Amino acid sequence: MKINLIVIAILAVIGFSSFKGEKTKGNNTSATLFNLSGTVIDNQTGETLVGVEVVLEGTDQKTYSDFDGNFVFENVSEGKYEVTAKIVSYKDSKKEDVKICNEKDESLTIQMEQVD
């Protein structure tokens, strides 16, 4: 019985230590994380595009636009990023120098051009 309590206590500590909250840097100062969201649209019609692969270059984050053309990257560190959007029948679209800073979430619109 005593061993079971010890195992439960250890699992509880492990669970609480992996609780998602603010991430910290090596020196125990808080690193603020932000969301980067946006909408993907056709540059001619202005219609939103569904199922567009959106990649946050330099990270392992990738997502797809939803039925309203919206996408979101969560827990993005401050910095400068390139966002790439790809879908069949459209030219790849890149947004360079997307800045995440100033203690606020960022939003952008990606316009995509159809292939001739």
Side-chain angles (χ1 to χ4, degrees):
M1 180 74 170
K2 195 173 193 177
I3 293 175
N4 288 342
L5 290 175
I6 293 171
V7 170
I8 290 171
I10 291 171
L11 291 175
V13 169
I14 291 170
F16 285 120
S17 68
S18 64
F19 178 75
K20 279 191 166 184
E22 275 192 321
K23 294 184 180 179
T24 59
K25 295 180 182 176
N27 61 7
N28 279 343
T29 58
S30 292
T32 306
L33 302 174
F34 303 96
N35 292 334
L36 171 61
S37 61
T39 306
V40 185
I41 63 171
D42 181 292
N43 73 332
Q44 293 288 321
T45 66
E47 292 181 27
T48 57
L49 299 175
V50 178
V52 176
E53 178 185 80
V54 185
V55 178
L56 189 60
E57 301 294 343
T59 73
D60 61 352
Q61 293 195 50
K62 172 173 69 171
T63 190
Y64 294 87
S65 60
D66 65 13
F67 288 110
D68 296 318
N70 299 317
F71 65 90
V72 64
F73 293 104
E74 296 178 336
N75 300 322
V76 179
S77 299
E78 283 190 55
K80 194 183 299 185
Y81 296 92
E82 181 176 292
V83 179
T84 304
K86 302 176 184 180
I87 192 167
V88 175
S89 300
Y90 284 84
K91 296 178 183 178
D92 292 358
S93 180
K94 291 185 181 184
K95 286 278 194 178
E96 297 178 346
D97 296 330
V98 176
K99 293 178 185 170
I100 307 296
C101 61
N102 298 329
E103 299 185 13
K104 65 175 184 163
D105 293 338
E106 293 293 324
S107 181
L108 57 106
T109 300
I110 298 175
Q111 296 184 16
M112 298 192 73
E113 181 180 347
Q114 285 189 338
V115 175
D116 294 326

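If you read the sequence from its start, that first residue is 1, and numbering goes on from there. Note: hydrogens, waters and symmetry copies are ignored here, and every other heavy atom, side chains too, is used. What you see is a predicted model, and the numbers here were worked out from it, not measured in a lab.
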Would V76 and L56 count as a side-chain contact (heavy atoms from CB on, under 4.5 Å) here? Give the steps. CA-CA 9 Å; V76 179; L56 189 60; 3.9 Å; yes

For the student: nearest non-hydrogen atoms of V83 and L36, plus distance: CG2-CD2, 3.9 Å

Looking only at the side chains, is there a donor atom on one of T48 and D68 sitting less than 3.5 Å from an acceptor on the other? no

Minimum side-chain heavy-atom gap L49-I41 below 4.5 Å: no

Considering all heavy atoms, the nearest Q111-S93 contact: O-OG, 3.1 Å

Note: E57 and Y81 closest approach over all heavy atoms is O-CD2, 3.9 Å

Donor-acceptor check, side chain of D42 to backbone of E47, threshold 3.5 angstrom: yes or no? no

Heavy-atom pair of closest approach, residues F71 and Y64: CB-O, 4.4 Å

S65 side chain to V40 backbone, donor-acceptor under 3.5 Å: no

Applying salt bridge (charged side-chain N to carboxylate O under 4.0 Å, His left out), can you list everything that pairs with K91, at least two apart in sequence or on another chain? E113

With heavy-atom distances below 4.5 Å as the criterion, would you say the side chains of N75 and F34 are in contact? no

Applying salt bridge (charged side-chain N to carboxylate O under 4.0 Å, His left out), can you list everything that pairs with E82, at least two apart in sequence or on another chain? K94

Please step through side-chain contact (heavy atoms from CB on, under 4.5 Å) for the pair L33 and S77, ending with a clear verdict. CA-CA 5 Å; L33 302 174; S77 299; 3.6 Å; yes

Nearest heavy-atom approach of S107 to G38 is OG-CA, 4.3 Å

I would like to know whether E53 and I87 meet side-chain contact (heavy atoms from CB on, under 4.5 Å); could you show each step before the answer? CA-CA 6 Å; E53 178 185 80; I87 192 167; over 6 Å; no

Are any of the side-chain heavy atoms of K62 and V54 separated by less than 4.5 Å? no

Just so I know, are the side chains of Y90 and N43 near enough to count as touching, which here means a heavy-atom distance under 4.5 Å? no

In the structure I gave you, are the side-chain heavy atoms of F73 and T63 within less than 4.5 Å of one another anywhere? yes

Once rounded to the nearest 0.5 Å, what's the spacing between atom CD1 of I110 and atom CG of D92? 11.0 Å

Below 4.5 Å, heavy atoms only, C-beta onward: do V115 and S89 meet side chain to side chain? no

Are any side-chain N or O atoms of K95 and backbone N or O atoms of T109, one a donor and one an acceptor, separated by less than 3.5 Å? yes

Could you please spell out the steps behind the side-chain contact (heavy atoms from CB on, under 4.5 Å) verdict for V55 and K86? CA-CA 9 Å; V55 178; K86 302 176 184 180; 5.6 Å; no

